[in-house]
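What you see below is based on every heavy atom in this structure, not just the backbone, and it leaves out hydrogens, waters and symmetry mates.
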Amino acid sequence: MNFRNNPPMIPGWTHVYSGKVRDLYVPEESRYDAAGLTVSDDAEIRAGSVMVVASDRISAFDKILPTEIPDKGKILTQMSLWWFQQLSHIPNHVISTDVPESVAGRAMICKSLNMFPVECIVRGYLTGSGLTSYRDTGSIAGIELPAGLVDGSRLETPIFTPTGKAEVGQHDEPVTREELYAEVGHAIGNRLEELSLELYSTAEKIAREQGIILADTKVEFGTDSYRGEITLGDELLTPDSSRFWDASEYEPGKSQPSFDKQFVRDWLHSPESGWDGSDNVPHLPEDVVEKTRARYVEAYERLTGTKF
């Protein structure tokens with residue numbers, strides 16, 4: 001079954017798009033009150049709003065898996081909302097959490113943004129694709145780094161390494177600063193970098209206070225169609241968009257234990273899965289599902305101090 005093409009029907013809302021994890025809905029014409037909006041006379045909402053629903057789908061290696069992780073969508077949504085509150089000095093797209101009961105806890109009503117065609121990535125530590133690039137070239141996205149760094153090394157200064165936005169199933173590719181300027185202009189490019197680095201710096205300190213290292217993160221921005229203001233969109237600082245490491249186990253020179261879907265990646269790479277990297281992704285075994293869910297829950301509870 002092609003589960004991505006079977007999003008739930010929600011009274012008062014029309015489905016318009018499915019991503020790897022999230023489904024987007026717009027209010028039906030003249031149905032704002034029925035859709036759960038309590039401020040339907042607000043011109044800003046009439047100018048454009050969407051409901052973002054986080055499913056329990058999980059992706060790995062740019063593939064959407066046929067197995068879901070129970071409660072994942074709720075964890076991602078609640079964690080994003082918590083971070084939006086911690087970083088409220090940066091404008092974000094959330095309007096309301098007053099959503100239909102069928103998607104309560106996993107949905108947000110948000111401003112419809114004109115999204116910039118880049119993923120804004122900030123790296124405070126060397127790992128993942130950044131480590132691969134460093135080993136090949138001594139740099140990441142054209143930024144030269146000191147010699148002698150290893151897997152997990154903390155960078156002297158966090159770096160901004162944006163990528164382009166690929167279609168679902170494709171891999172995002174790094175863009176240089178010159179390519180970023182060509183896409184969005186110098187002024188906006190510089191502002192995206194400034195906001196991304198400010199966001200990372202603030203969030204890294206908050207996470208560290210909870211014994212968690214924020215190694216890197218991906219955020220997205222767009223312009224508010226009502227005010228034209230650069231605004232945070234999508235999700236924010238979740239295990240799907242960021243690497244969180246346990247500070248007590250941090251040891252440069254090796255892969256770090258992380259609060260994300262590493263159990264899924266490791267199993268797919270194992271002989272047990274028998275996966276050849278094709279679109280025919282196997283179902284996850286129950287123990288991998290349970291371990292992955294537990295890591296998402298632990299990340300949420302340790303960061304927010306709230307029981308899930």
Side-chain angles (χ1 to χ4, degrees), residues 3-29 31-40 42 44-59 64 68-88 90-120 165 167-168 199 217-227 229-242 296 300 304 308:
F3 45 87
R4 283 187 58 242
N5 291 331
N6 290 278
M9 294 183 62
I10 302 175
W13 294 86
T14 300
H15 174 261
V16 293
Y17 176 77
S18 287
K20 290 178 182 176
V21 174
R22 287 167 179 77
D23 298 307
L24 299 186
Y25 295 77
V26 295
E28 293 177 1
E29 187 111 17
R31 290 288 300 279
Y32 286 94
D33 289 324
L37 291 172
T38 58
V39 282
S40 57
D42 192 310
E44 182 173 344
I45 291 180
R46 290 201 307 273
S49 64
V50 295
M51 182 164 64
V52 182
V53 181
S55 74
D56 291 336
R57 296 190 295 269
I58 189 166
S59 66
I64 302 173
E68 297 188 340
I69 306 298
D71 296 320
K72 178 173 175 281
K74 289 184 177 181
I75 295 168
L76 296 184
T77 299
Q78 297 309 309
M79 189 177 289
S80 288
L81 288 168
W82 185 82
W83 278 114
F84 281 130
Q85 290 178 340
Q86 309 311 305
L87 300 164
S88 59
I90 299 176
N92 67 70
H93 67 158
V94 179
I95 296 173
S96 172
T97 55
D98 185 8
V99 299
E101 183 62 31
S102 63
V103 290
R106 66 172 65 246
M108 308 177 288
I109 297 171
C110 302
K111 301 172 187 175
S112 181
L113 303 179
N114 298 311
M115 303 302 292
F116 294 112
V118 292
E119 309 271 1
C120 294
K165 288 185 179 179
E167 296 296 322
V168 173
L199 182 153
T217 192
K218 171 188 73 68
V219 293
E220 295 189 42
F221 292 93
T223 52
D224 179 341
S225 58
Y226 186 65
R227 295 191 177 95
E229 184 175 44
I230 295 179
T231 302
L232 261 175
D234 199 52
E235 64 181 325
L236 182 62
L237 293 158
T238 73
D240 269 16
S241 65
S242 312
Y296 275 75
Y300 172 81
T304 69
F308 178 72

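Counting only heavy atoms from C-beta outward, the side chains of L237 and M79 never approach each other to under 4.5 Å. Between V53 and R106, some side-chain heavy-atom pair lies under the 4.5 Å cut-off. Side-chain contact between M51 and V103 is present, with heavy atoms from C-beta onward closer than 4.5 Å. Using a 4.5 Å heavy-atom threshold, the side chains of K20 and D240 count as separate.
In this structure, CH2 in W83 is found 11.0 Å from OG1 in T238, a value given to the nearest 0.5 Å. If you take CG on L113 and OG on S49, they are separated by 11.0 Å, rounding to the nearest 0.5 Å. Once rounded to the nearest 0.5 Å, the distance linking OG1 of T223 with CG of N114 reads 4.0 Å. A distance of 12.0 Å separates CD1 of I10 from CD of E101, quoted to the nearest 0.5 Å. With rounding to the nearest 0.5 angstrom, the NE2 atom of H93 is 9.5 Å from the OG1 atom of T231. With rounding to the nearest 0.5 Å, the separation of SG in C120 from CG in D234 is 11.5 Å.
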So I75 and I69, side chain to side chain contact (heavy atoms under 4.5 Å, CB included) or not? Walk me through it. CA-CA 11 Å; I75 295 168; I69 306 298; over 6 Å; no
Would F221 and L232 count as a side chain to side chain contact (heavy atoms under 4.5 Å, CB included) here? Give the steps. CA-CA 5 Å; F221 292 93; L232 261 175; 3.6 Å; yes
Would you check, one step at a time, whether the test salt bridge (Lys or Arg N to Asp or Glu O under 4.0 Å) holds for D23 with R57? CA-CA 11 Å; D23 298 307; R57 296 190 295 269; 3.2 Å; yes
Go through the steps to decide whether F308 and D71 satisfy the test side chain to side chain contact (heavy atoms under 4.5 Å, CB included), and finish with yes or no. CA-CA 10 Å; F308 178 72; D71 296 320; 3.8 Å; yes
Output, in order, the C-alpha distance, side-chain angles, deciding distance and verdict of side chain to side chain contact (heavy atoms under 4.5 Å, CB included) for L76 and Y296. CA-CA 8 Å; L76 296 184; Y296 275 75; 3.8 Å; yes
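Heavy atoms only, all atoms of each residue included: D224 and K111 are closest at OD2-NZ, 3.6 Å. Closest non-hydrogen pair, P100 versus W13, comes out as CG-NE1, 3.8 Å. Smallest separation of non-hydrogen atoms from A54 and R22: CA-CG, 3.9 Å. When all heavy atoms are compared, the tightest approach of L236 to S241 is C-OG, 4.3 Å. A107 and T77 get closest at one heavy-atom pair: N-CG2, 3.9 Å.
A donor-acceptor contact shorter than 3.5 Å links the side chain of Q78 to the backbone of G105.
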